[in-house]
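Note that ligands are numbered from 1 as they come in the structure, with each ligand's atoms numbered from 1 the same way. For the single chain, residues carry numbers from 1 onward in sequence order. In this text, all values refer to a predicted model and were calculated from it rather than measured experimentally.
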Amino acid sequence: MAVTYIIMGVSGSGKTTVGTLLAQQLSLPFYDADAFHSEANVAKMAAGIPLTDEDRLPWLQALQTAMGTWTEGAVLACSALKESYRRVLAEGHDVVWVYLKGSFKTILQRMEARNHFMKPELLQSQFDVLEPPSYGLHVEVSLPPQQLVSEIITNLGTMNTSAFGIIGMGVMGRSLAQNVVGHGFSLSVYNRWTEAEKDVIPSFLSKLNHPKLQGFTNLSAFVQSLTSPRKILLMIPAGSAVDTVLAEITPLLHPGDILMDGGNSHYKDTQRREKAMKDHGFHYMGLGISGGEQGALTGPSLMAGGASEAYQYIKAILESIAAKDIENQPCVSLLGTDGCGHYVKTLHNGIEYAEMQLLAEIYALLKPSLSYNEMAALFSEWNEGELQSFLLETTIRILRTKEHDGYVLDTILDVAQSKGTGAWSSHSALEQGIPANILMEAVMARAISSQKQQRSQLAQLLAPTPFSATIDTETLKQAYQFARILNHLQGLGLIQATAKAEGWELDIAEVVRIWSRGCILQSALLQQLYPLLQQTPNLWEEAPLVVQLSQKETAITEILLQAMEQRTPTPCLSAAYQYWLGMTKGNSAANLIQAQRDAFGAHTFKRIDDPEGESFTHQWNPHG
Ligand code: 6PG
């Protein structure tokens, strides 16, 4: 589509001069919007009567129609002071707005210098109606016209050239940007301009020094630097910042453009935003990104949610930058619609919380008998086999890290922080009524850790923990794997239940495949679970897996007994054991719960001989 460059601004800002020069430089025809007024409007203006919005509408519509006939593009000088006028003009056209901006004083002085007479009151009335655009190129009228035009040309030179855009140059944004450019895609990056962040873009550009990379602190110039449909990834903190950026960017976009949120957003926020963006004609995708800084740089795991129509446009880029699984397939997938990708990322983190807590419990159990070096050596052995994982490797690295004469780990306060995804996972389990007690205990363990002062006081009241026997590391290894399998089983089960409730056609095997490399959860266990899930989405139906778990029952029991003797809290190991016990009891004690509910509140119960049938209530004797 041919582009119309509309030079806008108040009377006296130099639209005609600048527009004529620009048209010459771009070898395009120049038009002055004033020439399109009806005779009635001309007569009114000649009589000094200001035009109303009703007078202007047919004029704007005539211009809009004329623009459709300017097949090679054009430069148009038009005041277009109000947003509503600009909407009429731009309808169905590719328009680049150039706003000649200047203060009242500057424009008045400029006109006086040119002997162009305009009463200050008239100029003031223009400023009164002016609604400066939050988009387009903004250029200062105080510059000499030639210089002003060359600034416009320079900025236009960056237009429609980048295949992808990233907003937010924090650690993750920078690493992803480097990954995108490293895979040969042209990229524009944007970071807002603040005094504190003023060096972010210049230093990133000079660090990468790549011909296909452009940096911006002006949002409209950033948007205009992208090819259509625009593909923009937001790498900004989850929460209100996302809504703020969406409000700023939507007036700059065209229908069909694609926005992606790469943060850890709550999936219900993503659903809400997707709906709102759809109403504007834009695509919105929630993109879960895992792998931390290193993953973002060398290959993250990417969990996408949104419309397949939009995904087709970003698939090639995402597949290039993603990690590759053992079959060399990219660890990225469109998992479902709207918030599905963000939900899966949330549960990835929920499982991550429990995996981290399990390692912390093992570290606590081993601490009385092994040095950090010995522990690291043991974990390295484990890491050679079925227990291999990124988190285990990270723990080994931590156990070996020294500063001066001591271990860094010993300098870190034992209060675990969190940003919310563990709590959201727990909340989702409660909402769906699906067991996820292992990850919930991990969230609670962080909450208990934050009661530092109270813990320290209470610890002083109690006698020191008595000596206990050394933990058998082979037994511990079995117990650890037992808990890990159950943790994954719970997390995946919760994803499946929510997907069903939300109407996402999610393939759970695909989730496990894209987690097998690149993300924080990547592990040999996920590689082991993938073929099983391809056969059945219900892992409890995998007989060999259940046998494997039952063979580890003795180990987990022994470890929990020893943990109690040591007075070492093991919430996640215990939760895994309790879950296993609960799931493997054909007859539970829940009949008593039902009886109690019925006895005090006539809440009814089902009978053993007709589980799917009628509900009954019993006339319980009040005196027993
Ligand atoms: C990842 C991580 C990442 C981040 C967690 C930490 O997958 O790359 O999960 O998203 O490390 O959000 O979460 P907490 O601060 O809540 O522990």
Would you check whether [X] reaches within less than 4.0 Å of ligand 1, judged by its heavy atoms?
X: M172; value: no
X: M356; value: no
X: G291; value: yes

In terms of ring plane angle, is the pair [X] and [Y] parallel, tilted or perpendicular, where the classes change at 30° and 60°?
X: Y190; Y: F222; answer: tilted
X: F282; Y: H280; answer: parallel
X: W580; Y: F482; answer: perpendicular

Problem - G292 N/O to ligand 1 N/O under 3.5 Å - result: yes

Give me the nearest non-hydrogen protein atom to [atom] as residue plus atom name, then the distance to 0.1 Å.
atom: atom 3 (C) of ligand 1; answer: K345 NZ, 3.9 Å
atom: atom 7 (O) of ligand 1; answer: S290 OG, 2.4 Å
atom: atom 5 (C) of ligand 1; answer: N349 ND2, 3.7 Å
atom: atom 15 (O) of ligand 1; answer: K419 NZ, 2.9 Å

Practice task
Nearest heavy atom to atom 9 (O) of ligand 1 wins, so pick from E352, M303, Q294.
Solution key: E352

Fill in the blank from the handout: Scanning both residues in full, the closest heavy-atom pair of S418 with R446 reads CB-NH1, 3.6 Å

Exercise for the section: Record the part of R446 in heavy-atom contact with ligand 1 below 4.0 Å; permitted values are side chain, backbone, both and neither. Expected result: side chain

Practice task
Could you list which atoms of ligand 1 come closer than 4.0 Å to a heavy atom of H348?
Solution key: 7 (O)

Practice task
Indicate whether any N or O donor in one side chain lies under 3.5 Å from an N or O acceptor in the other, for Y372 and D410.
Solution key: yes

Practice task
Decide, yes or no, whether a salt bridge links K278 with D338 under the criterion of side-chain N to carboxylate O below 4.0 Å.
Solution key: no

Problem - Residues E248 and R192 bridged, charged N to O under 4.0 Å - result: no

Exercise for the section: Would you check if the side chain of H404 reaches a backbone N or O of G406 as a donor-acceptor pair within less than 3.5 Å? Expected result: no

